[in-house]
Q: 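Got a structure for you, questions after.
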Amino acid sequence: MHELSIAASIVDLAQEEAEKRAVRIVAIHLTLGALSGVVREALEGSYEMVSAGTKLEGSRLVIREQPVRVYCPVCREPRDLPSIQLFVCPACNSPAGEVIDGRELLVTALEVES
Amino acid sequence: MKSEPRIVEVRQNVFRQNDVTARELRARFRDAGVFVISLVSSPGSGKTTLLEKTLTAMQKQWRVAALVGDLATENDARRLERSGAPVRQIVTGTVCHLDAAMVRRSLEGWDLDELDFLFIENVGNLVCPASYDLGEDMRLVLLSVTEGEDKPQKYPTIFHGADLAVITKVDLAEAVEFDRVAACGALCAVSPGLQVLEVSAKTGEGMDAFLGLLASRAITQGLAR
């Protein structure tokens, strides 16, 4: 259960941004990669706990899930994997190549009010 | 009067701090010429036994040391010290994984120039360690024959992120009716092309191939000279 410390990093990061811009944060937009090792539900619960009592209390997490995107050396195209249990190209069934996307956990935007 | 909420674009990696520390560590390891290998697995897959035998065998030829992470107790460090190699325990308390800052702290006072190989045994856990780069050159994931052959598919992230899979306790394979084909199929599904080795730290089976592989990877990278 490392989501608690990850939620704390998100709160710190967002608070830093909010202070820099002198705004109040209403929502945090996140991109959550399927290979980030972070569980969405655990993160959401942890965020609520960690943000309570801070300036971010009551703010929302808006999570966009990023599937694993690999480069298929046979199709010569990037492909999104429907599941992380099977690293094969969904179009041609050959073993998946390099992972291009899906490892990340990024704060992409903040919804703020002054 | 309150204004309407507006969107501000930012692009911040939540793992930034760990990634930065891991990059610094990797550069330090490179400068010192030390090859760093981490081990991850579920609790009880045989990380400490494999490491004890590995340290003992490698010491004849190389300068080796180990860091070992656990939630509590220094038992593993005591076991590993029997090999004669320098060992430090990292007690994480309630934290279920090692991170780069813990590794950096525990290296204080060690002269990395005096080492050829450094092993880092992570906390027994197939989930959380997957998110944290420790600055290592090579990550081993262990799967013992007494676990389910489908474990790679239950924990795809950690198996996908490994550079080598080591099937441990193969001396018990027959007794537990270990299905090699199913296990290799599951490993291959989550990480096509992943190299797989079978070892028994107890009987020594497969150990020469395992040790040879570690040395050849290190030498290929120009380390552990």
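Per chain, numbering begins at 1; letters A, B, ... match sequence-line order. Not measured: the values here are computed from a predicted model.
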Q: Where on A/V39 is there a heavy atom nearer than 4.5 Å to chain B: the side chain, the backbone, both, or neither?
A: neither

Q: Before you tell me yes or no, could you show the steps for A/I6 and B/V14 under side-chain contact (heavy atoms from CB on, under 4.5 Å), namely the whole-Å CA-CA distance, both residues' side-chain angles and the distance that decides it to 0.1 Å?
A: CA-CA 7 Å; A/I6 291 168; B/V14 178; 3.9 Å; yes

Q: Side chain, backbone, both or neither: which part of B/C96 has an atom under 4.5 Å from a heavy atom of chain A?
A: side chain

Q: For A/S36 and B/S131, work out which heavy atoms get closest and say how close.
A: O-OG, 2.7 Å

Q: Do the ring planes of A/H2 and B/H97 sit parallel (below 30°), tilted (30 to 60°) or perpendicular (above 60°)?
A: perpendicular

Q: Let me confirm one number: the CD-CZ distance from A/E111 to B/R6, rounded to the nearest 0.5 Å.
A: 11.5 Å

Q: To the nearest 0.5 Å, how far apart are CD1 in B/I7 and OG1 in A/T108?
A: 8.5 Å

Q: Taking every heavy-atom pair that is under 4.5 Å apart, which of B/P5, B/C128, B/P156 has the most such pairs with chain A?
A: B/C128

Q: Chain B heavy atoms under 4.5 Å from A/V99: which part of the residue, side chain, backbone, both or neither?
A: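 The answer is the side chain of A/V99.
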
Q: Apply side-chain contact (heavy atoms from CB on, under 4.5 Å) to the pair B/Q12 and A/E17, showing each step before the final yes or no.
A: CA-CA 10 Å; B/Q12 295 269 25; A/E17 290 287 330; 3.0 Å; yes

Q: I'd like to know if the side chain of B/T157 reaches the main chain of A/G37, judged simply by a donor and an acceptor atom lying under 3.5 Å from each other, with no hydrogens or angles considered.
A: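 Between the backbone of A/G37 and the side chain of B/T157 there is no qualifying donor-acceptor contact (under 3.5 Å).
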
Q: Before giving the answer on side-chain contact (heavy atoms from CB on, under 4.5 Å), spell out for A/V38 and B/F15 the whole-Å C-alpha distance, their side-chain angles and the decisive distance to 0.1 Å.
A: CA-CA 11 Å; A/V38 177; B/F15 293 117; 3.9 Å; yes

Q: Check whether B/Y155 gets within reach of chain A through its side chain, its backbone, both or neither, counting any heavy atom under 4.5 Å.
A: neither

Q: Are any side-chain N or O atoms of A/Q85 and backbone N or O atoms of B/Q153, one a donor and one an acceptor, separated by less than 3.5 Å?
A: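 Side chain of A/Q85 to backbone of B/Q153, a donor-acceptor pair under 3.5 Å: yes, one is there.
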
Q: For B/N13 and A/L105, which heavy atoms make the closest approach, and how far apart are they?
A: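 Heavy atoms only, the tightest pair is OD1-O, 3.5 Å.
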
Q: Examine whether an atom of A/A27 lies under 4.5 Å from a heavy atom of chain B, and if so say whether it belongs to the side chain, the backbone or both; otherwise answer neither.
A: neither

Q: Would you mind reporting whether A/R21 and B/V8 have side-chain heavy atoms less than 4.5 Å apart?
A: yes

Q: With chain B, which of A/L4, A/I10, A/V68, A/T31 has the greatest number of heavy-atom pairs at distances under 4.5 Å?
A: A/I10

Q: Please round to the nearest 0.5 Å and tell me the distance separating atom CG of A/L35 and atom CD1 of B/I158.
A: 11.5 Å

Q: In Å and rounded to the nearest 0.5 Å, what is the CG to CD distance from A/L13 to B/Q17?
A: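 Interatomic distance, A/L13 CG to B/Q17 CD, rounded to 0.5 Å: 9.5 Å.
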
Q: Can a side-chain donor-acceptor contact be found between A/S9 and B/R16 if the only test is distance below 3.5 angstrom?
A: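 No, no side-chain donor-acceptor contact under 3.5 Å.
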
Q: To the closest 0.5 Å, what do you measure between CZ (B/R11) and CG (A/L106)?
A: 5.0 Å

Q: Counting only heavy atoms closer than 4.5 Å, note whether A/S5 contacts chain B via side chain, backbone, both or neither.
A: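 When you check distances to chain B, only side chain atoms of A/S5 fall under 4.5 Å.
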
Q: Go through the atoms of A/L30 and report whether side chain, backbone, both or neither lie under 4.5 Å from a heavy atom of chain B.
A: side chain

